Amino acid sequence: MKVLVVGGAGYIGSVAARALRDAGHDVVVYDNLSTGHEEALSRGSVFVRGDIADAQRLEETFRVHQFDAVMHFAGLIQAGESMRLPGLYFANNVVYVITLLNLMLKHSVMNFVFSSSAAVYGNPDRIPIDESAPTCPTNPYGESKLIVERLLKWYGSQCGLNYASLRYFNAAGATDDLGEEHNPETHLIPLTINSVLGMGPDLTIYGTDYPTPDGTCIRDYIHVLDLADAHILALEKVFSGESITCNLGNGTGFSVKEVIDMVGRVSGKPVPVVEGPRRHGDPAVLVASSDKAKEVLGWRPKRTDLEEIVESAWRWKSSHPNGFRK
Ligand SMILES: NC(=O)c1ccc[n+]([C@@H]2O[C@H](COP(=O)([O-])OP(=O)(O)OC[C@H]3O[C@@H](n4cnc5c(N)ncnc54)[C@H](O)[C@@H]3O)[C@@H](O)[C@H]2O)c1
């Protein structure tokens with residue numbers, strides 16, 4: 001299959017692009033490199049530097065290549081930033097996705113895999129969270145993902161688009177040469193590693209009085225390679241003419257303190273920690289049920305052990321202290 005990977009120079013997209021290549025697919029990466037890295041591009045894939053806001057460049061890309069499917073990773077991802085700049089998030093994460101979807105229809109590309117997020121749920125009242133939970137995003141980032149999911153339903157029913165909306169929980173971990181480098185970094189594992197290496201401030205724990213066993217928030221960390229596996233399976237599903245919306249999570253939650261302790265153990269170094277107050281809007285526990293993905297896609301996350309996840313992230317950062325920069 002020939003697959004257009006939009007956002008394939010980013011953290012998750014680069015690992016998925018590699019998995020697609022390894023599975024024998026032809027890959028064209030389309031990315032504006034706003035947060036992605038040219039060094040993360042999958043060997044053997046074609047790269048088009050462009051913005052999905054640029055309908056002309058995107059159209060040209062569809063004209064040159066005959067795609068069978070599109071995977072979309074090109075989202076802005078910071079929930080906090082989206083509260084300050086909602087318009088930026090709705091433009092990038094919704095409006096430009098419509099540009100992309102309309103071009104897909106124009107060029108008869110009817111298979112779409114979309115990076116959605118656990119943020120569509122907001123603060124759920126039931127754990128583990130399954131897909132029947134109410135969707136009540138608490139920030140424009142989550143809302144932008146939910147709007148696209150709703151649009152996809154209509155593109156499916158009215159235009160015949162086959163789609164998979166994959167609601168990731170916290171993507172984590174690395175391969176030997178592809179890892180997480182966001183700027184600014186907001187994710188717990190790389191933040192903790194950076195503070196151990198003296199490459200960032202001491203790690204702040206936001207709240208130690210949550211109703212959890214050690215008082216810190218519990219989250220669901222899913223290895224980026226397990227996410228990539230799910231994308232390959234989702235591609236097969238949409239290609240067979242079916243659509244799906246499902247969670248992708250580890251199934252087990254880990255507390256902030258458990259993650260910090262694990263980084264300390266794996267690195268053999270103390271983690272400099274500061275305890276701060278709770279952050280407004282942080283739920284105590286967010287853990288996914290991934291039963292639907294297991295049942296419908298036949299997906300099994302294989303790297304669910306916290307040690308394995310942290311170890312892979314530590315290995316990548318230790319061998320790439322400057323990230324993708326030389
Ligand atoms: N990282 C997570 O834990 C997580 C969790 C849930 C959902 N997601 C979703 O997964 C997707 C990928 O996340 P990530 O962590 O890899 O982010 P990332 O920032 O590393 O990757 C995004 C990529 O998209 C590109 N991009 C952004 N806007 C673009 C545009 N307008 N035109 C062309 N390219 C553009 C960036 O340059 C980058 O390469 C996002 O949609 C995000 O919302 C991520």
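We count ligands from 1, going down the list as the structure has it; atoms in each ligand are counted the same way. For clarity, every value in this text was computed on a predicted model and none was experimentally measured.
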Is there a nitrogen or oxygen of Tyr30 sitting under 3.5 Å from a nitrogen or oxygen of ligand 1? no

So is Ile52 polar-close to ligand 1, meaning N/O to N/O under 3.5 Å? yes

Protein residue, atom and distance nearest to atom 3 (O) of ligand 1, heavy-atom basis: Ala171 N, 3.0 Å

Atom 42 (C) of ligand 1: which protein heavy atom is closest, and how many Å away? Ile77 CG2, 3.3 Å

Look up atom OG1 in Thr138 and atom NE2 in His280, then write down how far apart they are to the nearest 0.5 Å. 8.5 Å

Do Ile193 and Tyr206 belong to the same hydrophobic cluster, where Ile, Leu, Val, Met, Phe, Trp and Tyr are linked whenever their side-chain heavy atoms lie under 4.5 Å apart, directly or via other members? no

Compute the minimum heavy-atom distance from Glu180 to ligand 1 and say whether it is under 4.0 Å. no

When only distance counts, is Gly13 in polar contact with ligand 1, meaning an N/O pair under 3.5 Å? no

Closest heavy-atom pair, Val148 versus Phe114, reported as atoms and distance to 0.1 Å, is CG1-CZ, 3.5 Å

If we ignore angles and hydrogens, is there a donor and acceptor under 3.5 Å between the side chains of Glu149 and Ser116? yes

Have a look at Asp226 and tell me which of Lys302, Arg300, Arg303 forms a salt bridge (charged side-chain N to carboxylate O under 4.0 Å, His left out) with it. Arg303

If we ignore angles and hydrogens, is there a donor and acceptor under 3.5 Å between the side chains of Arg126 and Ser132? yes

Are Arg265 and Glu307 within salt-bridge range, i.e. N to O under 4.0 Å? yes

If you measure every N or O of Tyr11 against every N or O of ligand 1, does any of those distances drop under 3.5 Å? yes

Quick one: look up the protein heavy atom nearest atom 39 (O) of ligand 1 and list residue, atom name and how far away it is. Asp31 OD2, 2.6 Å

Please report whether ligand 1 has a polar contact with Ile12, defined as an N or O pair separated by less than 3.5 Å (distance criterion only). yes

Residues two or more places apart in sequence or in another chain: which of them pass salt bridge (charged side-chain N to carboxylate O under 4.0 Å, His left out) with Arg63? none

Please check if the number of heavy atoms outside Met83 that lie under 6.0 Å from its CE is greater than 12. no

Side chains of Glu308 and His223: do they bring a donor and an acceptor to under 3.5 Å? no

Would you please name every residue forming a side chain to side chain contact (heavy atoms under 4.5 Å, CB included) with Ala55, sequence neighbours left out? Thr99

Does NZ in Lys153 sit with more than 12 non-hydrogen atoms of other residues, nucleotides or ligands closer than 6.0 Å? no

Aromatic plane relationship, Trp316 with Phe324 - under 30° parallel, 30 to 60° tilted, over 60° perpendicular: tilted

Ligand 1 versus Asn92, non-hydrogen atoms closer than 4.0 Å: side chain, backbone, both, neither? side chain

Could you say whether the N/O atoms of Tyr96 and ligand 1 ever approach to under 3.5 Å? no

Students should be able to answer this: which protein heavy-atom is nearest to atom 19 (O) of ligand 1, and at what distance? Thr35 OG1, 2.7 Å

Polar proximity ligand 1 side, Lys145 side, N/O cut 3.5 Å exclusive: yes

So is Ser116 in contact with ligand 1, going by heavy-atom distances below 4.0 Å? yes

Tell me: protein heavy atom nearest atom 21 (O) of ligand 1, and distance? Gly10 CA, 3.4 Å

Proximal atoms of ligand 1 relative to Phe169 (non-hydrogen, under 4.0 Å): 3 (O), 5 (C), 6 (C)

Give the residue and atom name of whichever protein heavy atom lies nearest to atom 30 (C) of ligand 1, and the separation in Å to one decimal. Asn32 ND2, 3.2 Å

For the 3.5 Å polar cut-off, considering only N or O atoms, please tell me whether Val6 and ligand 1 meet it. no

Where does His182 meet ligand 1, judged by heavy-atom distances below 4.0 Å: at the side chain, the backbone, both, or neither? side chain

Quick check on contacts: which atoms of ligand 1 are under 4.0 angstrom from a heavy atom of Leu33? 37 (O)

Give yes or no for whether the N/O distance cutoff of 3.5 Å, strictly under, is met between Ser117 and ligand 1. no

With a 4.0 Å heavy-atom cut-off (strictly under), which part of Arg167 contacts ligand 1: side chain, backbone, both or neither? neither

Heavy-atom nearest neighbour of atom 10 (O) of ligand 1 within options Tyr141, Phe73, Tyr168: Tyr168

Contact between ligand 1 and Ala53 is defined here as a heavy atom of the residue under 4.0 Å from a ligand atom; is it met? no

Considering all heavy atoms, the nearest Asn250-Asp220 contact: N-OD1, 2.6 Å

Please determine whether any non-hydrogen atom of Gly50 lies less than 4.0 Å from an atom of ligand 1. yes

Has ligand 1 got any nitrogen or oxygen that is less than 3.5 angstrom from a nitrogen or oxygen of Gly36? yes

Can you spot which of His231, Lys2, Met71, Met1 makes a side chain to side chain contact (heavy atoms under 4.5 Å, CB included) with Leu20? Met71

Please find the pair of heavy atoms, one from Ser14 and one from Ala40, that lie closest to each other, and give the distance. CB-O, 3.3 Å

Proximal ligand 1 atoms for Asp51, defined as those under 4.0 Å from one of its heavy atoms: 30 (C), 31 (N), 32 (N), 33 (C)

